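For reference, the structure is listed below as structure tokens.
Residues: numbered from 1 along the sequence shown. It should be emphasised that the depicted structure is a prediction, and the values quoted were computed from it without experimental measurement.
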Amino acid sequence: MVKIAPSLLAADSAYLGKTISDLELAGADFIHFDVMDGHFVPNLTFGPKILKELKKYTSLPFDVHLMVTNPDECISWYAESGADLITFHLEATESPIQTIQLIRNYKLKVGVTLRPSSDIKQIIPLINDVDLILVMGVQPGFGGQKFYPDTLERIKLTKDIIANRNVLLEVDGGINFQNASLCVNAGADILVAGTAVFQNGMLSENIATLKGIHL
């Protein structure tokens with residue numbers, strides 16, 4: 001069954017501790033942090049202090065998506081603050097292998113991703129060195145965007161590249177109740193969802209719907 005990683009970008013920041021505890025009870029599989037630096041993308045979000053303080057509220061793994069200009073400088077901050085998986089953008093580093101190794105030094109899972117406009121085939125040389133490929137369904141930087149029409153084809157192509165390797169395929173951006181099953185059928189293992197998870201405060205029902213479960 002597909003796993004759900006609620007994006008805290010869509011949560012009420014005043015209640016994050018209670019929120020992630022509630023998400024665990026509601027059936028979430030990861031907690032997703034969209035880390036933005038105001039340079040690589042035009043927004044500012046979660047610093048490492050927030051991860052460290054929230055770690056005590058859940059046993060779920062912290063899935064950290066670095067949307068930052070220089071990920072190598074940030075890896076130690078988030079690794080030491082509770083990240084279990086760190087994903088970085090290939091456009092943001094001159095040496096992906098070096099960045100992967102920096103994450104591996106902390107014995108964490110490694111993910112790579114690209115903007116929707118970038119050639120997904122750039123992941124091919126790295127496919128044996130990572131644990132996860134993140135396919136973006138929107139332009140990184142803001143929540144609540146509409147799902148790009150060509151995302152399903154990018155998911156299928158990524159799945160073909162992964163082939164039979166033990167590499168997860170995550171999709172982030174614009175996920176809703178209508179396209180979740182389409183993403184899963186195309187090959188997604190993990191769906192990152194913000195608005196769809198938090199709407200109407202019905203966490204359990206929304207997560208179950210995204211997983212294709214009828215309560």
(message) Here's a test for you: under side chain to side chain contact (heavy atoms under 4.5 Å, CB included), which of D189, I127, L126 qualifies with I133?
(response) I127
(message) Would you say NZ of K159 has more than 12 non-hydrogen atoms from neighbouring residues, nucleotides or ligands within 6.0 angstrom?
(response) yes
(request) Can you measure from CZ (F33) to OG (S81) and round to the nearest 0.5 angstrom? (result) 10.0 Å
(message) So, taking the atom named OG in S13 and the one named CD1 in I50, what distance separates them when rounded to the nearest 0.5 Å?
(response) 7.5 Å
(request) Find out if a path of hydrophobic residues (ILVMFWY) with successive side-chain heavy-atom gaps under 4.5 Å connects L210 to L23. (result) yes
(request) Determine the interplanar angle of the F40 and H89 rings, folded into 0 to 90°, and report it as parallel if under 30°, tilted if 30 to 60°, perpendicular if over 60°. (result) tilted
(message) Minimum heavy-atom separation for L9 and M36, please, with both atom names.
(response) CD2-CE, 3.7 Å
(request) Taking the side chain as every heavy atom from C-beta outward, state whether T19 and D12 have any pair of such atoms under 4.5 Å apart. (result) no
(message) Using the side chain to side chain contact (heavy atoms under 4.5 Å, CB included) definition, which of the options I97, N105, I103 pairs with Q101?
(response) N105
(message) Show the nearest heavy-atom pair for residues P140 and R115, with the distance to one decimal.
(response) CG-NH1, 4.0 Å
(message) What I'd like to find out is whether the side chain of Y148 reaches to under 4.5 Å of the side chain of M136, using heavy atoms alone.
(response) no
(message) Within 45 degrees of the ring normal and closer than 6.0 Å to the centroid, is that where the cationic atom of K55 sits relative to F62?
(response) yes
(message) Assess whether a salt bridge exists between K18 and D22, defined as any Lys/Arg side-chain N lying under 4.0 Å from an Asp/Glu carboxylate O.
(response) yes
(request) Could you give me the CA-CA distance, side-chain angles and deciding distance for E170 and H65, then say whether side chain to side chain contact (heavy atoms under 4.5 Å, CB included) is met? (result) CA-CA 11 Å; E170 183 174 65; H65 175 191; over 6 Å; no
(message) Any carboxylate oxygen within less than 4.0 angstrom of a Lys/Arg side-chain nitrogen, looking at K3 and D63?
(response) no
(request) Over all heavy atoms of both residues, which pair between F198 and L8 is shortest? Give the atoms and the distance, please. (result) CZ-CD2, 4.4 Å
(request) Could you tell me whether the side chains of S7 and D172 share a donor-acceptor contact shorter than 3.5 Å? (result) no
(request) Output the distance between atom SG (C74) and atom CG (L102), rounded to the nearest 0.5 Å. (result) 11.5 Å
(request) Could you check if a side-chain atom of D84 sits within less than 4.5 angstrom of a side-chain atom of F30, using non-hydrogen atoms only? (result) no
(message) If you compare all heavy atoms of A28 against all heavy atoms of I207, which two are closest, and at what distance to 0.1 Å?
(response) N-CD1, 3.8 Å
(request) Can you see which heavy atom on F147 is nearest to which on G173, and at what distance? (result) CD1-O, 3.3 Å
(message) What's the separation between atom CD in E73 and atom OG1 in T99, rounded to the nearest 0.5 Å?
(response) 11.0 Å
(message) Evaluate Y106 against E80 for side chain to side chain contact (heavy atoms under 4.5 Å, CB included), listing each step before the verdict.
(response) CA-CA 8 Å; Y106 287 94; E80 293 168 5; 3.3 Å; yes
(request) Find out if a path of hydrophobic residues (ILVMFWY) with successive side-chain heavy-atom gaps under 4.5 Å connects L169 to F88. (result) yes
(message) Can you tell me which residue among V184, D29, L132, L85 is in a side chain to side chain contact (heavy atoms under 4.5 Å, CB included) with I190?
(response) L132
(request) Give a yes or no answer on whether the side chain of Q122 reaches the backbone of L90 with a donor-acceptor pair at less than 3.5 Å. (result) no
(request) Only one of T45, N70, N43, T69 passes side-chain hydrogen bond (donor to acceptor under 3.5 Å, both in side chains) with D37; say which it is. (result) T69
(message) Let's go through T158 and I155 carefully: what are the C-alpha distance in whole Å and the side-chain angles of both, what is the deciding distance for side chain to side chain contact (heavy atoms under 4.5 Å, CB included) to 0.1 Å, and is it a yes or a no?
(response) CA-CA 5 Å; T158 303; I155 296 170; 5.7 Å; no
(request) Answer yes or no: is there a side-chain heavy-atom contact under 4.5 Å between L54 and F46? (result) no
(message) Count I, L, V, M, F, W, Y as connected when their side-chain heavy atoms are under 4.5 Å apart, and connections chain through other members. Are L25 and M1 then in the same cluster?
(response) no
(message) Donor-acceptor pair, distance only, cut-off 3.5 Å: does the side chain of N179 make one with the backbone of N176?
(response) yes
(request) Could you pull out the closest heavy-atom pair between L51 and A83, with the gap in Å? (result) CD2-N, 4.2 Å
(message) Are V192 and I4 connected into the same hydrophobic cluster when the rule is that any two of I, L, V, M, F, W, Y join if their side-chain heavy atoms are below 4.5 Å apart?
(response) no
(message) Checking C183 against I175 for the side chain to side chain contact (heavy atoms under 4.5 Å, CB included) test, could you report, in this order, the C-alpha distance in whole Å, the side-chain angles of both residues, the deciding distance, and whether it holds?
(response) CA-CA 9 Å; C183 291; I175 298 295; 3.7 Å; yes
(request) Could you tell me whether a side-chain N or O of R165 sits under 3.5 Å from a main-chain N or O of V130, the two making a donor and an acceptor? (result) no
(request) Would you kindly say whether Q98 and D72 are connected by a side-chain donor-acceptor distance under 3.5 Å? (result) yes
(request) Calculate, to the nearest 0.5 Å, the distance between atoms CG and NZ belonging to N185 and K156 respectively. (result) 9.0 Å
(request) Kindly check if the number of other-residue, nucleotide or ligand heavy atoms within 6.0 Å of CZ (F177) is above 12? (result) yes
(request) Find the distance between CD1 (I123) and CG (D129) and round it off to the nearest 0.5 Å. (result) 12.0 Å
